[in-house]
Amino acid sequence: MSETHAAINVQLFAKFREVAGCDQLQVVLPNGLPCTADQVLQQLAAQLPEVAALIPQCRLAIDDAYVAADHVIDDLNAQFAVIPPVSGG
């Protein structure tokens with residue numbers, strides 16, 4: 001059974017933080033839960049179109065662990081973070 005119009009808070013880093021102007025963003029999930037990690041990233045891209053091109057290189061972390069794109073999310077109380085690509089030097 002899915003909840004309609006769920007929302008999760010996602011921690012932002014690097015370019016995402018710069019574009020959003022904050023370190024956390026509420027991502028609205030129009031189809032509610034459950035959803036996949038990829039659906040969260042796609043919704044984030046819709047809310048922040050300036051960084052949509054980075055989404056394919058990003059990973060979603062839930063409770064401090066990376067998850068696959070097809071990972072099913074069913075807990076609004078988990079900690080979410082979008083991890084953009086990083087460069088070393």
Q | Donor-acceptor pair, side chain of Arg17 and main chain of Leu12, under 3.5 angstrom | A | yes

Q: Can you see which heavy atom on Ile83 is nearest to which on Ala61, and at what distance?
A: CG1-CB, 4.3 Å

Q: For Cys58 and Pro85, work out which heavy atoms get closest and say how close.
A: SG-CD, 4.0 Å

Q) Counting only heavy atoms not in Asp64, do more than 12 sit closer than 6.0 Å to its CG atom? A) no

Q. Could you give the distance from CD (Gln11) to SG (Cys22), rounded to the nearest 0.5 Å?
A. 9.5 Å

(Q) Quick check: closest heavy atoms across Ala81 and Phe13, and the distance to 0.1 Å? (A) CB-CE1, 3.9 Å

Q.
Could you check whether any side-chain heavy atom of Val27 comes within less than 4.5 Å of a side-chain heavy atom of Asn9, counting everything from C-beta outward?
A. no

(Q) Same cluster or not: Val82 versus Val19, using hydrophobic residues (I, L, V, M, F, W, Y) connected whenever any side-chain heavy atoms lie under 4.5 Å apart? (A) yes

**Q.** Approximate separation, where rounding is to 0.5 Å, of Gln24 CD and Ile8 CD1
**A.** 10.5 Å

Q. What residues, two or more places apart in sequence or in another chain, satisfy side chain to side chain contact (heavy atoms under 4.5 Å, CB included) together with Ala78?
A. Ile62, Asp63, Asp75, Phe80

Show me the donor-acceptor pairs, under 3.5 Å and distance only, between side chains in residues 32-55 and residues at least two apart or in other chains.
| from | atom 1 | to | atom 2 | distance (Å) |
| --- | --- | --- | --- | --- |
| Thr36 | OG1 | Gln39 | N | 3.1 |
| Thr36 | OG1 | Gln39 | OE1 | 3.4 |
| Gln39 | OE1 | Thr36 | N | 2.7 |
| Gln47 | OE1 | Val28 | N | 3.0 |
| Gln47 | NE2 | Gln26 | O | 3.0 |

Q: Could you walk me through whether Tyr66 and Leu60 pass side chain to side chain contact (heavy atoms under 4.5 Å, CB included), step by step?
A: CA-CA 6 Å; Tyr66 289 119; Leu60 187 68; over 6 Å; no

